[in-house]
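Data block below; observations after.
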Amino acid sequence: MSQLPATDSPAAPVAAGTVPPQLAPRAAAPVAARELRLDLFRGLALWLIFIDHLPPNLLTWATIRNYGFSDATEIFIFISGYTAAFVYGRVLSSQGFVVAGARILKRVWQIYVAHIFLFTIYLAEISYVGASFQNPLYAEEMGILDFFRHPDVTIVQALLLKFRPVNMDVLPLYIVLMLGLPPMLWLMVRRADLTLMLSVALYALAWEFEWNLPAYPDGTWFFNPFAWQLLFVFGAWCALGGAARMAPLLRSPVTMALCVAYLVFAFAVTLTWHFPQIGHLLPRTLAQWMYPISKTDLDVLRFAHFLALAAIVVRLLPRGWPGLTSPWLRPLVLCGQHSLEIFCLGVFLAFAGHFLLVEFSGGAVLHALISVAGVAIMSAAAALFSWYKKATSRNGSRSKSAAGADADMTGGG
Amino acid sequence: MRVLPASAGRVAGVIAGLLAGILAAGAIAWPAMAAPECDVPAYLLTTESRLDKVAAAVERERRLDVLVVGTGSSSLPGAGEAAKAYPARLELALRNRLPGVAVRVTAEILSRTAAEAMAPRLPALLATHKPDLAIWQTGTTDAIRAVDPEDFRDAVDDGVAAIRQTGADVLLINPQYSPRLETMISLTPYLDRMRMVTQQHDVLLFDRFAIMRHWSESGAFDLFGPVKGLEMAHAVHDCLGRALAIFLLDAARIDPTSLRIKQ
């Protein structure tokens, strides 16, 4: 939170004995003041996810997935790992493992409830479609309604996170990642590099043995938690000192050149997706080696693309970049600071926008209008949440520790 | 890296069809069809794969037997609607373009059948009909049931291999574009897998999804609306049948005018 004074993160009052003393500074030192860049880019990711969930339109062309391998999901998961480790790392060092673990579980519960809330909206939407949409051209596609002939089974499977409608895969992934956070954080503050290596090993094993969680009625999770944890753990590793240690590497012109070259390559490849006419320019052997670029299993090409993008952004936008406090970027920063609420709102608005487009068989203008209005509503809601948090924290409830308030306010990842 | 070896050759527009969006469809459109109400951009009807068996049957034997195996979206609901569905429209379009050739298109509809259940039935169907060309429409049921995309790919792969073993040419048709349902049915993984298989086996893919999306975006058809009558469904199937005929003849390198001269 920008309004939080930097003094909110005193690593000093560590209760002796809860955490080995040498770890405490490491856990809190890397980021003294709130990293507005994280909020900014998480806010951006939330906007992009919202736009990508709407049917394709002009604004869709502004989303990064059209210009490279990775997309907003990578940004969201990475920053979530980063902030979760940052926030709960401090709780861990000040209040111990049990309290930190309990806080994380409370957060998991919130995310779970949010997911079920979205599922309810989905149920309402699909029931409406079942009652109102009867184009005989799509007789077969309406088979999707069969699930709701047995609502008992479908709803229970949804509660178990096994049945997940389209576009509702991110929160279940987030829930599983957060569930794994307590032990991961415990190890991370002690042996950061070892934790990251274990994460890489799990990623490799998941690819080798095709590990994934089962889904209902068939198949596996769209976002494989065993693969995507790599990005989450990598975010946590960066938050707890990794970023500082990587800084020299990021300053090297060789790294920059490699990153730029890779981004250009990825852009060239995506061009062949949009313009099949130039597809023949892509060498066949390269295509054979490269495709498919799995999103489910967080393909290495996607991960590398995210790394290259992040390296360049960090280089171009230093921490003290004055633009971060500019009123123009304020809506993005605010959205990033209330990620769970804004994410849910975004999914809901995407549903609602889709509904409006259908009901009014909207053209491009209405489509663009809906996208812009959605982003405006998300920003307004984020501003409201910030105001409310500020107002309530001013009026007392100061009994909560500063770190605790911080954990809730940042959305804990 | 389990998925890498599976990657099929030049996957130039793999995700293209899925991401192409307004730009590709709207800005770069070449009229390719006679009927103005449902133009298809040329690149959606262009292929490097050949239909040699079809070419041989038409040119040497003056006949063409086509078998369409598909699910519900290869037919229209209701009695007597078969004549209005795209297999019958394809037959008509081929007859118009191939005078003097005995064209027969048969449709075998296995409603709500996933690829995994359909593939094993292909050999028997092919043995019965002995077509020169087998058209296999699949993917929708798999997407509705959220079948594991890799299992789906294996099933399509098996099916294509089974057809090729009989010597018939193969053409796959992917799911319909249904904007109203796209927040409920995730087609992308299945469209991708079908493209991979067709590239791996060097067989044809009729990209019904991209074609219908083009029609939706160009305003040819309002695929969003809650249309209750069958008129639009008839028109869409008629357009699909004609586009399919153009695609087939192009891939078989058959020039209808040369046939006419030889007569």
Side-chain angles (χ1 to χ4, degrees), chain A residues 53 55-58 60-61 65-66 122 125-126 129 132-144 146 165-167 207-208 210 215-220 222 270 272-280 282 284 287-292 294 296-297 299-300 350-351 354 357-358 361 364, chain B residues 1-4 6-24 28 43 71-73 76-78 111-112 140-141 144-149 151 175-176 178-186 189 192-193 196 222-230 232-233 236-237:
Chain A
H53 281 180
N57 69 88
L58 217 59
T60 312
W61 287 94
R65 66 170 180 191
N66 294 306
Y122 167 83
E125 194 205 13
I126 201 169
V129 168
S132 69
F133 183 74
Q134 282 158 0
N135 191 335
L137 187 62
Y138 295 118
E140 182 180 21
E141 280 81 355
M142 296 311 279
I144 188 77
D146 287 356
V166 177
N167 287 348
W207 272 83
E208 180 63 30
E210 303 186 16
Y216 173 84
D218 200 351
T220 53
F222 181 72
T270 43
T272 66
W273 303 345
H274 304 308
F275 303 103
Q277 305 92 316
I278 59 166
H280 62 275
L282 189 70
R284 208 182 172 105
Q288 254 164 0
W289 171 79
M290 194 165 61
Y291 291 122
S294 168
T296 293
D297 296 314
D299 200 284
V300 172
F351 273 140
H354 205 272
L357 278 177
V358 170
S361 33
Chain B
M1 310 289 274
R2 70 186 157 110
V3 207
L4 287 185
S7 60
R10 203 176 44 84
V11 190
V14 172
I15 309 163
L18 323 164
L19 293 178
I22 35 179
L23 196 66
I28 318 160
Y43 76 88
T71 57
S73 65
L76 287 167
S111 274
R112 302 199 171 177
T140 311
T141 307
I144 290 172
R145 294 188 191 155
V147 169
D148 185 330
D151 292 346
Q176 300 192 100
S178 50
R180 189 64 183 91
L181 302 169
E182 71 183 349
T183 53
M184 293 160 216
I185 305 175
S186 173
D192 284 352
R193 296 315 190 280
M196 282 172 209
D222 173 19
L223 301 178
F224 264 108
V227 186
K228 290 204 171 68
L230 276 159
M232 193 188 78
V236 169
H237 275 252

For chain A, find which of B/Ser111, B/Ala233, B/Ser178 contributes the most heavy-atom pairs closer than 4.5 angstrom. B/Ser178
Identify which of B/Ile144, B/Thr141, B/Asp151, B/Thr71 forms the greatest number of heavy-atom pairs closer than 4.5 Å to chain A. B/Ile144
Which heavy atom in [X] sits nearest to a heavy atom in [Y], and how many Å separate them?
X        : Y        : answer
B/Arg145 : B/Arg112 : NH2-O, 2.9 Å
A/Asn135 : B/Met232 : ND2-CE, 3.2 Å
A/Ala350 : A/His53  : CB-CB, 3.7 Å

So what's closer than 4.5 Å to chain A heavy atoms on B/Val147: side chain, backbone, both or neither? both
Side chain from CB out, backbone as N, CA, C, O: work out which of these in B/Leu230 comes under 4.5 Å of a heavy atom of chain A, or both, or neither.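 It is both, since atoms from each part get that close.
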Could you pull out all residues at least two apart from A/Thr220 that satisfy side-chain hydrogen bond (donor to acceptor under 3.5 Å, both in side chains)?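 Only A/Asn212 meet the side-chain hydrogen bond (donor to acceptor under 3.5 Å, both in side chains) criterion with A/Thr220.
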Contacts of B/Ser73 that satisfy side-chain hydrogen bond (donor to acceptor under 3.5 Å, both in side chains) - sequence neighbours left out: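 Listed in chain order: A/Glu140, B/Gln137, B/Arg208.
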Below 4.5 Å, heavy-atom pairs only: which of [options] has the largest tally toward chain B?
options                      : value
A/Ile144, A/Ile126, A/Thr270 : A/Ile144
A/His354, A/Glu125, A/Met142 : A/His354
A/Ala139, A/Gly143, A/Ala215 : A/Gly143

Please state whether the side chain, the backbone, both or neither of A/Pro165 comes within less than 4.5 Å of a heavy atom of chain B. neither
B/Ile185 backbone acceptor or donor facing A/Glu141 side chain under 3.5 Å: no
